[in-house]
Number of protein chains: 2
Amino acid sequence: MKVLLVEDDQFHASFLQDALAEALPDVTEIFHAADGAAGEEEARQSGIEAIVMDLQMDRRNGIEAARTIWAERPQSRILFWSNYADEAYLRGIAAIVPDDSAYGYILKTASRDRLKLALRAVLVEGQIMVDREIHRLQKRGTAPRTRLDDSEFAVLLDLALGLQDRLIAERRGMSLRTVQNRLLSLYEKLEVHSDLDERLTLNKRVRTLNRALATRTLNIETLDAAQRDLEAWLAGRM
Amino acid sequence: MKVLLVEDDQFHASFLQDALAEALPDVTEIFHAADGAAGEEEARQSGIEAIVMDLQMDRRNGIEAARTIWAERPQSRILFWSNYADEAYLRGIAAIVPDDSAYGYILKTASRDRLKLALRAVLVEGQIMVDREIHRLQKRGTAPRTRLDDSEFAVLLDLALGLQDRLIAERRGMSLRTVQNRLLSLYEKLEVHSDLDERLTLNKRVRTLNRALATRTLNIETLDAAQRDLEAWLAGRM
DNA sequence: AAATCCGTTGCGGAAACTCGCAACAGCTCT
DNA sequence: AGAGCTGTTGCGAGTTTCCGCAACGGATTT
């Protein structure tokens, strides 16, 4: 069995390599890549189907790499291994995981035993395994009141990029007023006016981005990726 | 000699401990804290004057911890050890370092040898040592055209928190129009209109925050800290 | 001392944003 | 079928933001 590790932090990579050798004795070869682009290349080259993937990497992040890997070989098993329990990552993964492929999401703060368990479950057994810590995010207190639906999230991304209402409407195929309604519910759900002093009037748009970052609904890599999507859309528009 | 390590990532901490023992044989005791608050406490308790400090930590980040430590014992020697070369961190450190105390800033991607060198230089010799990689930031291409001055940076922080022009003016003691002038130069320096399609009209405020994050002029921890400052100011205002 | 430069400030208009009100369409429940 | 709910859309008013124009004051140069 061949396994690919995609991880840019040297310490984490060697720890991982260690745990992997310990947990999966039948691993014959361990490949290593230090960023998403190299990871894609390696997976393609060596025909690898079991991958441990860091999410936060410079040149190309784990989600983008996973997307192309899954596009080429949907049966690949990928265990995501990340520092943060960011909702942004979860949404990104949920959007790209093929129907019947195995994947997992585990935090770097998890114990060595938990990591080894996840390695076996996902890479060998082909199960789906999500760290409880992370799963908690998905339904924030069962209250759908604060949970963003997909169209709200899409508008949030566009807002975060700095698009104006009119352009968001065009891009997402909504009317101007509908976009504004989405914004209103974003303001509500992200508690844009109530989190600081009640009497303060803020710039709601900026505050929304600020709150989305603070609550880990968005993170900088997501913004980066969203910007690339936007550029592609812009290129196709004219 | 006693040294305190403040570092929340277990792998990094043990690597650091290793390198430290190797580089500084006359270290008698190594203390360890997993976040800024614990670090402050430990430094106070044990009367420590040589510290290696991670910047990005959950409960209380390295800069805040360093501020209180330096406030209590200005001669403390602190080597900051961070994943990222973010301008935000540099500004934070520059703002709090006492006149004649030793400090350093080195990246986690630096080689073991470089780390050991920095440990000796800062903690033992009391030198000031900044990773070249980081120093490059400080004067982005010698062109002060893109460099933000302090008052621009202050306005950027307020903008990022979502404050309106009027309130920024009040907080920073400027007229409304002056605040707007600062904003204009921020838009200019962060290339708010030219980085995407030239013809696109964007929401400049949001785009400014987006660009500041993308260029690592700001990061999420900085926003967090700025928010706490703001709350303190608000409390004192009424 | 005069000329020049640069940052600050006020004024005013165009554009964008927030949001209440109301009409409307599709749906679910009885 | 009718009542009620929910999401979409248009209109319009009040704010906020962006920014050109111009006046002013202090500092520097000639």
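FYI, side chains are in, hydrogens and waters are out, and symmetry mates aren't considered; it's all heavy atoms of this structure. Naming: A, B, ... by sequence-line order, numbering from 1 per chain.
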Please report the distance, rounded to the nearest Å, between [atom1] in [X] and [atom2] in [N].
X: A/E152; N: D/dT6; atom1: CD; atom2: P; value: 15 Å
X: B/E188; N: D/dC18; atom1: CD; atom2: P; value: 14 Å
X: B/L190; N: D/dC18; atom1: CG; atom2: C1'; value: 17 Å
X: B/L159; N: D/dC18; atom1: CG; atom2: C1'; value: 13 Å

Test side chain to side chain donor-acceptor pair (under 3.5 Å) applied to B/Q164 and A/T201, step by step: CA-CA 7 Å; B/Q164 301 192 301; A/T201 61; 2.8 Å; yes

With sugar-phosphate taken as primed atoms, P, OP1 and OP2 and all else as base, the protein-contact string of nucleotides 8-19 of chain C at under 4.0 Å (heavy atoms; B, S, -) is BBBB----SSBB

If we ignore angles and hydrogens, is there a donor and acceptor under 3.5 Å between the side chains of B/N181 and B/R177?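 Yes.
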
Does a salt bridge link B/E231 with B/R228, judged by any charged N lying under 4.0 Å from a carboxylate O?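 Looking at B/R228 together with B/E231, the answer is no, because their closest N to O distance does not fall below 4.0 Å.
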
Would you call A/K108-A/E7 a salt bridge at under 4.0 Å N-O?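 Yes, this pair counts.
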
Contact summary for B/T222 and B/A88, nearest pair of heavy atoms: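 That would be OG1-CB, 3.2 Å.
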
Please work out whether the ring planes of B/H12 and A/H12 are parallel, tilted or perpendicular, with thresholds of 30° and 60°.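 The rings of B/H12 and A/H12 lie parallel, inter-plane angle below 30°.
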
